2 protein chains.
Amino acid sequence: MVTGSCFAERLEKHIPLNEAERRALARLEETQRKVKRGAVIQRANDIVSELFVLRHGRVMSYVILPDGSRQILRVYFPGDFIGSASTIYSKAPETLVALADSVVCPFDKKGLRVLLEEYPRVAALMFVLSQAERVALTDRLASLGRTSAKARVAAFLLDIIHRLRVMDDDITDTFDLKLTQEEIGDAIGLTSVHVNRMVRQMEAEGLIRRSNGSITLLNEKKLAEIGHYTDRYTELNLDWLPAA
Amino acid sequence: MVTGSCFAERLEKHIPLNEAERRALARLEETQRKVKRGAVIQRANDIVSELFVLRHGRVMSYVILPDGSRQILRVYFPGDFIGSASTIYSKAPETLVALADSVVCPFDKKGLRVLLEEYPRVAALMFVLSQAERVALTDRLASLGRTSAKARVAAFLLDIIHRLRVMDDDITDTFDLKLTQEEIGDAIGLTSVHVNRMVRQMEAEGLIRRSNGSITLLNEKKLAEIGHYTDRYTELNLDWLPAA
DNA sequence: CGCGAGATTGACTGAGTTCAATAATCGTGG
DNA sequence: CCACGATTATTGAACTCAGTCAATCTCGCG
């Protein structure tokens, strides 16, 4: 039997839930599906009616443009709600691939409907958290549109570590990226060659350290300055939502 | 007295509403505020608790990076819900400026709470439409990260005209952009000089025509091809939402 | 008519790409 | 546990798209 809900746990980082809400959210995670690293969870343009909560592991979403180039849209962590575009489109606009061996909990959008109908506070919360996603995306947009290669790498690394910290208090300054340099490039609009140059430069400057796949941020303050980075995950203010 | 709700009208482009829902939405637009072209509606980093429905005119949101460069995040049209980041942040992450003389309807986020609590179907609808915004942003992300200057201009123009068409059936192939070339550049991550080069090139190739501020798309098919553009506004499928 | 914002154009520069070759690492089967 | 094939990382050199700088032009408006 499932012990708890990853998604509820995430929401409770921001606002307390009551027992009924917690139970309702846990129901979304009743079905668990293991996916191996590299496996495609959802393919762009396939007909879908499922969405997912990511329970373990790591997932990315991307699109492939007609010329073959790839834009990675987002990297997801446990507790994230993914594939939500299927709530409005019958054909998936993006591909979902596991970056590490993962566990996803699929559920039909009809299941979401029941949740939204019966737990308006959860509906409000989900609407509100989708705003946080929106702001994160606009930050990326500014990063891609208006900052240098080095700034993009810095902002990307900071974004990842901040999001990991939301769910895992143990993380201090070191984390596993689980992305190749080519994937980093596809996320921030650079070639793998240039990502490499930036990464080595930052390493040479003592901003980061690398060993195996893991990265240590040696000077977060400086990195934030270089990347024009603003943390959008810790300062959420949800007091105005209905009480539990 | 207010005749109707711009926002409700927009929602009904996607799904029918009942009388009570319509009335509740109209309440969000009870207060109307006129803003002149160029006026700042909300300033980044100011403390805010208001959000807005745009009733008439046109508004843009942007951020200014520390080096002074600007990234325009989104252009808004009548019926759009703007400034929604104030639902989670007490300090505005972005600036809102009127691109034309406009009418916005401000309301406190507490007002949103009442709406979300009492009309779960509206809450669901708002959550779901925020997904459409998200997908639009990811399309822009792919555009900025992975496509050429010409492709970005093409995609940008197509995006604007498609969004105008959602609310205004009269629009065929001509529209007023109400943006300078510098602003277009700030929206798609280019300089005004290069936007100019692309625009003239596209004009010379017979893809668009310009007169005064208005633009005519002469070959939408070709433009969509160049810009790798996908229309995300007409194919929404919301059947699974609770019935009215 | 003159002013000022925006558009246009040309010459030059440079950040990031492309191409290509080599080195390091990883996963896997024997 | 090790060798081998396949990714992934690293580096150099040439190239190119878009940026920068700066001058000129256009047009709406007081």
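Note on naming: letters A, B, ... go to the chains in the order of the sequence lines (proteins, then strands), and numbering restarts at 1 for each one. Just so it is clear, the model here is predicted, and its values are computed rather than measured.
The residue from B:Arg200, B:Lys222, B:Lys150 that alone fulfils the salt bridge (charged side-chain N to carboxylate O under 4.0 Å, His left out) condition with B:Glu205 is B:Lys150. Just one of A:Arg74, A:Arg163, A:Arg55 meets the salt bridge (charged side-chain N to carboxylate O under 4.0 Å, His left out) condition when paired with A:Asp80; it is A:Arg163. The residue from A:Phe81, A:Phe107, A:Phe77 that alone fulfils the ring-ring contact (aromatic ring centres under 6.0 Å, His included) condition with A:Phe7 is A:Phe81.
Listed here is the closest heavy atom pair of B:Leu54 and B:Cys6: O-SG, 4.0 Å. The two residues A:Ala154 and A:Leu223 make their nearest non-hydrogen contact at CB-O, 3.6 Å.
A donor atom on one side chain and an acceptor atom on the other are found under 3.5 Å apart for B:Asp159 and B:Tyr233.
Sequence neighbours left out, the pairs with a member in residues 190-199 of chain B that pass side-chain hydrogen bond (donor to acceptor under 3.5 Å, both in side chains) are B:Gln181-B:Asn196, B:His194-B:Arg197.
With sequence neighbours left out, B:Ser84 forms a side-chain hydrogen bond (donor to acceptor under 3.5 Å, both in side chains) with A:Gln131. For A:Thr216, the side-chain hydrogen bond (donor to acceptor under 3.5 Å, both in side chains) partners at least two apart in sequence or on another chain are A:Thr174. Applying the ring-ring contact (aromatic ring centres under 6.0 Å, His included) criterion to B:Phe52, with sequence neighbours excluded, gives no partner residue. For A:Arg146, the side-chain hydrogen bond (donor to acceptor under 3.5 Å, both in side chains) criterion is met by B:Asp186, not counting sequence neighbours. With sequence neighbours excluded, no residue satisfies salt bridge (Lys or Arg N to Asp or Glu O under 4.0 Å) with A:Glu182. Listed by chain and number, the residues in a side chain to side chain contact (heavy atoms under 4.5 Å, CB included) with A:His228 are A:Thr147, B:Leu65, B:Pro66 (sequence neighbours excluded).
As a whole-Å value, the separation of A:Leu179 CG from D:dT7 C1' is 15 Å. Between the CZ atom of B:Arg200 and the P atom of D:dC25 there is a distance of 15 Å, given to the nearest Å.
At distances below 3.5 Å, not a single donor-acceptor pair connects side-chain atoms of A:Glu29 with backbone N or O atoms of A:Ala26. The backbone N or O of B:Thr234 lies less than 3.5 Å from no partner atom in the side chain of B:Arg165, so there is not a single donor-acceptor pair.
Contacts with DNA chain D (heavy atom under 4.0 Å) in residues 59-73 of chain B: none are found. Looking at residues 186-196 of chain A, you'll see A:Gly189, A:Leu190, A:Thr191, A:Val193, A:His194 sit with a heavy atom under 4.0 Å from some atom of DNA chain C. Less than 4.0 Å separates DNA chain C from no heavy atom of any residue of residues 140-154 of chain B.
Defining each end axis of the helix from C:dC1-D:dG30 to C:dG30-D:dC1 as the rotation carrying four pairs' C1' atoms onto the next four, with five pairs an end, the two axes are found to diverge by 50° to 10 degrees.
Heavy-atom contacts of chain B under 4.0 Å fall on DNA chain C between two terminal nucleotides, which in 5' to 3' order are C:dG6 to C:dA11.
Under 4.0 angstrom from either OP1 or OP2 of D:dT10 there lies no side-chain N or O belonging to A:Arg197.
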